[in-house]
Structures are given as C-alpha cells and as structure tokens.
Protein chains: 2
Amino acid sequence: MFSIGTVARQTGLKVPTIRYYEQVGLLGAPERTEGNQRRYGKDQVERLGFIKHARDLGFPIEAIAALIDLAEHPDRSCAQAAEIAQRQLEDVREKLERLTRLEAELSRIAKGCSGTGVADTCYVMASLADHAHCGSEH
Amino acid sequence: MFSIGTVARQTGLKVPTIRYYEQVGLLGAPERTEGNQRRYGKDQVERLGFIKHARDLGFPIEAIAALIDLAEHPDRSCAQAAEIAQRQLEDVREKLERLTRLEAELSRIAKGCSGTGVADTCYVMASLADHAHCGSEH
DNA sequence: CTAATGTCTCTAGCGACTAGAGCTTCAAGA
DNA sequence: TCTTGAAGCTCTAGTCGCTAGAGACATTAG
Ligand SMILES: [Zn+2]
Ligand SMILES: [Zn+2]
Ligand SMILES: [Zn+2]
Ligand SMILES: [Zn+2]
C-alpha cells in the first residue's frame, strides 16, 4: 500500500492531480488509514500510469474514462477503443494543420521586424492589423 | 455608430466575446444610447479587427493588450512587439514539435487496432498501458 | 402600435488542473 | 516514548478565453 506522495513519484503525476482524478471519477476511492490518509494498491497505481500515459498523448478525461471502463471488461469488443484513438489522431492532425499555418505566418511576421524601429511603421503591428498580409487562412 | 451585433458581423467576433473584451480591458468602453446599448465608432471596430486577427494567430489576451498599448503610442520603439511575436512563434513551434511526436505515436496506435478484436488483447489498450511501446518521449 | 429581434446585466460553466489556507497525521531520529 | 518536520487532509478559489442561459429592457420594421 502506497501513500499518495509515493504514488505521485512513481507515476509522475502531482499529488493534487491524483486527488482530482478521484474526484472526477477516473479512479475509484482508495482505502484509507485510520487517520484518513489515502493508501493505494498496485492495481490503482497501474491505472494511474495508464491515465498519465493517455493524458500525455492528449486524450481527454472523458475518453480515458471510457477506455478504463473497457479495460475493466476485457472481453468486450475493442471497437470503441479504436474509435477513440482514431478521433484523437484526427484531433491532433487538425491541430497540426492549424499550427503549421500559424507557424508560417508568425515566422514571416517575426522576420519582418528587427525591433529597432518604431511602433507606427512596425511590420508586426501592420501584419496584425490586416490579414491581407497573410498567405493563408487561419 | 454601430450596434454590437453589427460589429460582430463585421469582425467575425461573437457578441458576448466583444463584451468580454471590454470587460477584461482590451477595448475601452464604447458610447451608449439613451437606452444603454453600446454604440461603436470606426476606430473601435478596427481595434476589434486587430484583436480578432491576433487571437486567430494565437496571441494571448495579455500580449494583445501590450500590443494595443503600443499601437496607441506610435512613436515608441517596436522592440516589445518584436519580442511578443518572437515568443508566440516559439510557443507555436514548441506545440508543433509536441504534436508531431503525438501524431507519430497515435497513428501507430490507431493503425495497430482494427476494432474487430477484444479489449483484453487490443493494441490500443496495450499501448496506453505501457509507454515502452512508444518510439519517442512526449 | 405591435411584434420580433436585439441588447442589457449577471451568474455559472467548460477542461484540466493549480494554489493556498488551516488543520491533522505519519514516520524517523533522539 | 517523545518530538518534530514532512506529508496528508478538505475546501475554496483561481487559471484562460470564452460560452450559455435567465430575465428584463430597447430598438426597429411593418
Ligand atoms: Zn517592428
Ligand atoms: Zn491573417
Ligand atoms: Zn483493438
Ligand atoms: Zn508513450
């Protein structure tokens, strides 16, 4: 049985984050000592590792909850898991596309100003004021 | 003089968003009709366009506030504008790098499961449970 | 003049935490 | 065994940039 701090060190999560996951129902309530402190078993530490990894990959809490539900019913079809992973992939790809466009505009904008001029004639200011300077939609 | 709804249509912002920008001090309080409705002048519409464009490029509100301050003092040095643009560019690049790594992992994960199996032996589940499957840090 | 649409203020909610106050419990050394 | 300092507890509120809704008032077209 591990204290919350020990589990935090093992999983790379922060202590308040672990409590938060419990609060939102991602993790079942752990046992408690007589003095009301949380004590986690190996299973729960493993589950927190799962959550951590899924969060690191950007999955939202709600999706992780569905995946955990699935993990608790190992003989169910994994169709939902595939769907969730696919959705997350698409989400990331959309964000990538948007950020790629932004990177192009921002590097142009940043390149256009050395910071040695005056606000009135600054390329950064002009670019922000008028989207017509831009080479793409965003 | 334009009503808030008209300005919303002109700028592409939503009505509550414009009120929000006023609330957080990005936009000075506009004139009001006798009946207490907001009426915007051309300058304010332009400024809202500036804000919209900067937000579309991902600049945080605080940075935009600093840029607007600069726009109101056209003879000041644009060093701060250059700095803000540079920081935003770096921020976007960091996010791009992270998302690129995530895309690699997620496309591997999604490819590994057709959704026709069972949760217990699902590649998605296994990949989330163990970072050792991953080809990079994230 | 009426009816429909627009606008007003205020509060609360989103996602995923994070920070802090004020208190209690645990564990290790003397 | 006692003490002390770290760790844990609950609860509230704050972060960011909006968005939604309630209930009341203003404007405008027909
Ligand atoms: Zn400049
Ligand atoms: Zn643009
Ligand atoms: Zn599968
Ligand atoms: Zn991984």
Side-chain angles (χ1 to χ4, degrees), chain A residues 1-27 29-40 44-45 48 50-68 84 87-88 91-92 95 98 102 138, chain B residues 1-27 29-40 44-45 48 50-68 84 87-88 91-92 95 98 102 138:
Chain A
M1 306 296 285
F2 309 98
S3 74
I4 197 168
T6 308
V7 174
R9 254 164 272 131
Q10 281 173 20
T11 58
L13 293 164
K14 289 181 188 164
V15 168
T17 306
I18 296 173
R19 288 197 279 248
Y20 170 74
Y21 289 158
E22 179 185 337
Q23 194 194 311
V24 299
L26 220 39
L27 191 72
E31 288 181 38
R32 299 274 184 148
T33 64
E34 278 188 26
N36 200 36
Q37 299 197 355
R38 291 169 178 82
R39 287 297 178 268
Y40 297 89
Q44 285 176 303
V45 176
L48 280 167
F50 182 97
I51 295 170
K52 168 74 158 64
H53 195 214
R55 285 293 303 129
D56 283 349
L57 288 164
F59 287 87
I61 298 272
E62 205 186 331
I64 299 174
L67 290 169
I68 284 177
I84 288 170
R87 182 141 30 99
Q88 178 61 14
D91 192 57
V92 164
K95 283 181 179 154
R98 168 146 195 267
L102 290 199
H138 47 103
Chain B
M1 305 299 284
F2 309 98
S3 74
I4 197 168
T6 309
V7 174
R9 254 165 273 131
Q10 283 173 18
T11 57
L13 291 164
K14 291 181 187 163
V15 168
T17 305
I18 295 173
R19 288 198 278 249
Y20 171 74
Y21 288 158
E22 179 185 338
Q23 194 193 310
V24 298
L26 264 192
L27 192 71
E31 287 181 41
R32 300 274 184 149
T33 64
E34 278 188 28
N36 199 37
Q37 299 197 352
R38 291 168 178 83
R39 287 298 179 267
Y40 296 89
Q44 286 176 301
V45 176
L48 280 167
F50 182 97
I51 295 171
K52 169 75 159 66
H53 195 216
R55 285 295 301 132
D56 284 349
L57 287 165
F59 288 87
I61 299 274
E62 206 187 329
I64 299 174
L67 290 168
I68 284 177
I84 288 169
R87 182 140 30 101
Q88 177 62 13
D91 192 57
V92 165
K95 283 181 178 152
R98 168 146 194 267
L102 290 198
H138 46 103

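Chain A is the first sequence line, chain B the second, and so forth, proteins listed ahead of strands; every chain is numbered from 1. Only this structure's heavy atoms are used, side chains among them; waters, hydrogens and symmetry mates stay out.
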Is there any protein nitrogen or oxygen under 3.5 Å from a nitrogen or oxygen in nucleotides 22-24 of chain D, and what are the pairs?
none

Distance, nearest 0.5 Å, that separates OG1 of Thr17(B) from CG of Leu48(B): 10.0 Å
Spacing of Lys95(B) atom NZ relative to dC16(D) atom C1', expressed in whole Å: 11 Å
Listed partners of Tyr20(A) passing side-chain contact (heavy atoms from CB on, under 4.5 Å), at least two apart: Val24(A), Ile61(A)
Spacing between Glu22(B) atom CD and dG17(D) atom P, to the nearest angstrom: 18 Å
Partners meeting side-chain contact (heavy atoms from CB on, under 4.5 Å) with Ala66(B) (sequence neighbours left out): Gln80(B), Ile84(B)
Minimum side-chain heavy-atom gap Arg55(B)-Tyr21(B) below 4.5 Å: yes
Which residues share a side-chain hydrogen bond (donor to acceptor under 3.5 Å, both in side chains) with Gln88(B), sequence neighbours left out: none
Straight-line distance of Leu57(B) CG to Ile64(B) CD1, nearest 0.5 Å: 9.0 Å
Side-chain ion pair, Arg87(A) and Asp91(A), N-O less than 4.0 Å: no
Per-nucleotide protein contact string for nucleotides 13-26 of chain C, where B marks a base within reach and S marks sugar-phosphate only (heavy atoms under 4.0 Å, - for neither): ---BBS------BS
Residue met sooner reading DNA chain C from 5', once Arg32(B) and Arg9(B) are mapped to nucleotides: Arg9(B)
For Thr6(B), side-chain contact (heavy atoms from CB on, under 4.5 Å) partners two or more places apart: Phe2(B), Ser3(B), Arg9(B), Gln10(B)
Rounded interatomic separation in angstrom, taking CD1 from Ile18(B) and P from dG17(D): 17 Å
Integer-rounded Å distance: dT7(C) P and Gln23(B) CD: 18 Å
Side-chain N,O (Arg38(B)) to OP1/OP2 (dT7(C)) below 4.0 Å: no
Residue-phosphate contact under 4.0 Å: Arg19(A) side-chain N/O, dT10(D) OP1/OP2: no
Gap between atoms CD1 and C1', on Ile4(B) and dT5(C) respectively (whole Å): 15 Å
side-chain contact (heavy atoms from CB on, under 4.5 Å) partner of Ile4(A), the single match among Arg39(A), Arg38(A), Glu22(A): Arg38(A)
Distance, rounded to the nearest Å, where Glu31(B) contributes CD and dC8(C) contributes P: 14 Å
